Amino acid sequence: MRSICAMRSLLAAAAAPTFIRAGASLPRPLPFSLPFRPRRAGTMLGAARSVAAAAQSRGGGGAEMEVRGTQSGEIHVIVGPMFAGKTTALLRRVQAEAGNGRSVALIKSDKDSRYGLDSVVTHDGTKMACWALSELSSFHEKLGIEAYDKVDVIGIDEAQFFEDLHDFCCKAADRDGKIVVVAGLDGDYKRKKFGSVLDIVPLADSVTKLTARCELCGRRAFFTLRKTQETKTELIGGADVYMPVCRQHYMDGQVVMEATRIVLDLDRPTVRSHALK
Ligand SMILES: Nc1ncnc2c1ncn2[C@@H]1O[C@H](COP(=O)(O)OP(=O)(O)O)[C@@H](O)[C@H]1O
Ligand SMILES: Cc1cn([C@H]2C[C@H](O)[C@@H](COP(=O)(O)O)O2)c(=O)[nH]c1=O
Ligand SMILES: [Zn+2]
């Protein structure tokens with residue numbers, strides 16, 4: 001019982017907003033070691049900077065001001081079928097954060113080289129420079145520790161291709177206090193969960209499922225239909241290989257694909273018929 005009370009007061013202390021007088025020493029650390037780091041209190045970027053700037057402009061140089069002593073991370077997940085606007089939403093969010101004075105970094109999987117590796121590109125051509133990585137764990141090293149520490153917001157596109165997505169998001173948001181915005185396919189062309197995207201839903205502050213327009217009837221599209229007979233899960237492609245479809249047209253599409261498969265199989269010469277020729 002006593003330990004529950006102790007835990008409650010520790011948690012209450014951790015949750016309470018920190019008010020410090022400019023120039024005063026920082027509050028004492030909690031009695032256990034939380035790996036949170038202040039979000040660049042020294043350079044006062046982002047939210048902290050605007051609060052401080054507002055206090056200054058009101059003539060409050062020595063006044064009490066709110067400083068988010070330990071900036072908590074966030075995870076926002078954007079999912080949906082192909083062509084739903086996931087990348088567009090990700091770029092908008094990251095650009096808005098940059099507009100608010102936050103330092104941002106964008107990552108995509110190096111498996112998707114459709115538009116080159118130096119930028120994330122939407123289906124209608126909007127671009128933003130990025131890091132193309134094979135695994136998220138290399139981001140820290142690629143960027144360097146100092147630069148990593150300065151990043152406030154990390155955007156991740158094509159998240160379904162990163163095996164270490166869960167681990168990376170935990171560390172970036174929970175330990176390092178980053179805002180992580182993740183965009184990716186929740187399901188593959190078979191409507192099976194794709195990579196680790198759904199595994200980060202329990203970690204997330206927000207989850208947004210976007211829809212596209214069904215290419216066959218114009219209704220809302222929740223799924224991605226593969227138009228080829230290729231069966232491997234990962235197959236990079238755009239409108240040449242995939243189309244967004246509604247539930248009805250997904251079901252119809254599966255029937256058509258299955259029928260095509262049967263016909264192609266019947267057509268394919270067997271080893272025996274080869275031998276007879
Ligand atoms: N069937 C389609 N083929 C090509 N482009 C499309 C198609 N449907 C929608 N688009 C365009 O793609 C844009 C969304 O692109 P993007 O943000 O890259 O989507 P996502 O990342 O979800 O695949 C839409 O705003 C639209 O202009
Ligand atoms: C459905 C599905 C898709 N992919 C690939 C195809 C594209 O290269 C990306 C998705 O890109 P988008 O930004 O969401 O348009 O994923 C795949 O490999 N396997 C699939 O089942
Ligand atoms: Zn449809």
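Order of listing sets the numbers, starting from 1, for every ligand and every atom in it. It should be emphasised that the depicted structure is a prediction, and the values quoted were computed from it without experimental measurement.
A continuous path of Ile, Leu, Val, Met, Phe, Trp and Tyr side chains, each step under 4.5 Å between heavy atoms, connects Leu165 with Val79, placing both in one hydrophobic cluster.
Residues His166 and Ser196 bring no donor and acceptor atom of their side chains to less than 3.5 Å of each other.
Of the protein's non-hydrogen atoms, Phe83 CD2, 3.7 Å is the one closest to atom 5 (N) of ligand 1. The nearest heavy-atom contact from the protein to atom 14 (O) of ligand 2 is Lys86 NZ, 2.9 Å. Among all protein heavy atoms, the one lying closest to atom 5 (C) of ligand 2 is Leu235 O, 3.5 Å. Taking atom 21 (O) of ligand 2 as the reference point, the nearest protein heavy-atom neighbour is Tyr189 N, 2.8 Å. Shortest contact from atom 2 (C) of ligand 2 to any protein heavy atom: Tyr242 CE2, 3.5 Å. Ranking the protein heavy atoms by distance from atom 17 (O) of ligand 1 puts Thr88 OG1, 2.5 Å first. Protein heavy atom in closest approach to atom 21 (O) of ligand 1: Thr87 OG1, 2.7 Å. Atom 12 (O) of ligand 1 has its closest protein heavy atom at His123 CB, 3.3 Å.
Rounding to 10°, one obtains 110° for the angle at the Zn ion (ligand 3) between ND1 (His249) and SG (Cys217).
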Given Phe168 and Ile156, is the side chain to side chain contact (heavy atoms under 4.5 Å, CB included) satisfied, shown in steps?
-> CA-CA 11 Å; Phe168 180 86; Ile156 304 173; 3.9 Å; yes
Test side chain to side chain contact (heavy atoms under 4.5 Å, CB included) applied to Phe222 and Tyr250, step by step = CA-CA 9 Å; Phe222 309 98; Tyr250 181 82; over 6 Å; no
Pair Leu225-Tyr242, side chain to side chain contact (heavy atoms under 4.5 Å, CB included): steps then yes or no = CA-CA 5 Å; Leu225 187 73; Tyr242 297 100; over 6 Å; no
Please step through salt bridge (charged side-chain N to carboxylate O under 4.0 Å, His left out) for the pair Glu158 and Arg114, ending with a clear verdict.
-> CA-CA 12 Å; Glu158 305 292 354; Arg114 277 176 294 172; 3.5 Å; yes
How far apart are the C-alpha atoms of Lys178 and Asp152, what are their side-chain angles, what is the distance that settles it, and do they pass the salt bridge (charged side-chain N to carboxylate O under 4.0 Å, His left out) test?
-> CA-CA 5 Å; Lys178 310 290 184 196; Asp152 302 309; over 6 Å; no
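When only interatomic distances are considered, the shortest N/O to N/O separation between Met82 and ligand 1 does not fall below 3.5 Å. Every N/O-N/O distance between Phe83 and ligand 2 stays at or above 3.5 Å. Note: an N/O pair closer than 3.5 Å links Ala84 and ligand 1 by distance alone. Not one N or O of Pro244 is nearer than 3.5 Å to an N or O of ligand 1, by distance alone. Between His123 and ligand 2, at least one N/O pair is under 3.5 Å apart. Taking distance alone, with nitrogen or oxygen atoms compared against 3.5 Å, Thr233 approaches ligand 2 more closely than that limit. Not a single N or O atom of Thr122, backbone or side chain, sits closer than 3.5 Å to an N or O atom of ligand 1. Backbone and side-chain nitrogen or oxygen atoms of Leu185 are examined, and none is located within less than 3.5 angstrom of a nitrogen or oxygen of ligand 2.
In the candidate list Glu158, Met82, Lys232, Glu158 is nearest to atom 13 (O) of ligand 2, counting heavy atoms. When the options Gly85, Gly125, Ala221, Gly80 are ranked by their closest heavy atom to atom 14 (C) of ligand 1, first place goes to Gly85.
In this structure the side chain of Val181 reaches within 4.5 angstrom of the side chain of Ile78, judged on heavy atoms. For the pair Leu133 and Lys108, the minimum side-chain heavy-atom distance is 4.5 Å or more.
Against a heavy-atom cut-off of under 4.0 Å, Phe161 is close to the following atoms of ligand 2: 5 (C), 16 (O), 18 (O). Which parts of ligand 1 touch Asp124 is read off a 4.0 Å heavy-atom cut-off, strictly below it: atoms 13 (C), 24 (C), 25 (O), 26 (C), 27 (O). Near Asp112, meaning under 4.0 Å from one of its heavy atoms, ligand 2 places the atoms 8 (O). Close contacts between ligand 2 and Arg114 involve ligand atoms 7 (C), 8 (O), 11 (O) [criterion: under 4.0 Å to a heavy atom]. For ligand 1 and Glu215, the ligand atoms under 4.0 Å from any heavy atom of the residue are 1 (N). Near Gln160, meaning under 4.0 Å from one of its heavy atoms, ligand 2 places the atoms 9 (C), 10 (C), 16 (O). Atoms of ligand 2 lying under 4.0 Å from at least one heavy atom of Glu234, given by number and element, are 18 (O). The ligand atoms of ligand 2 that sit less than 4.0 angstrom from a heavy atom of Arg226 are 19 (N), 20 (C), 21 (O). Close approach of ligand 1 to Pro81 is summarised as follows: ligand atoms under 4.0 Å from at least one heavy atom of the residue are 22 (O). Near Gly237, meaning under 4.0 Å from one of its heavy atoms, ligand 2 places the atoms 6 (C), 7 (C), 8 (O).
Across every non-hydrogen atom of Gln160 and Gly184, the tightest pair is OE1-CA, 3.4 Å. When all heavy atoms of Leu117 and Cys130 are compared, the pair lying nearest together is O-SG, 3.8 Å.
Taking 4.0 Å as the cut-off between side-chain N and carboxylate O, Asp199 and Lys193 count as a salt-bridged pair. Ionic pairing of Lys111 and Glu234 is present here: one or more N-O contacts between side-chain nitrogen and carboxylate oxygen are shorter than 4.0 angstrom. The pair Arg93-Glu97 meets the salt-bridge criterion, with a side-chain N (NZ, NE, NH1 or NH2) lying under 4.0 Å from an Asp/Glu carboxylate O. The pair Lys171-Asp167 counts as a salt bridge, with a side-chain nitrogen and a carboxylate oxygen less than 4.0 angstrom apart.
With a 4.0 Å cut-off on non-hydrogen atoms, Ala183 does not touch ligand 1 at all. Of the heavy atoms in Lys190, none comes closer than 4.0 Å to ligand 2. Within the 4.0 Å heavy-atom criterion, the part of Thr224 lying near ligand 2 is the side chain and not the backbone.
For the pair Lys190 and Phe223, the cation-pi test (distance below 6.0 Å, angle within 45°) is failed.
Within a 6.0 Å sphere centred on CZ of Arg220, heavy atoms belonging to other residues, nucleotides or ligands number 12 at most.
Classified by interplanar angle (parallel below 30°, tilted 30° to 60°, perpendicular above 60°), the ring pair Phe139/Trp131 is perpendicular.
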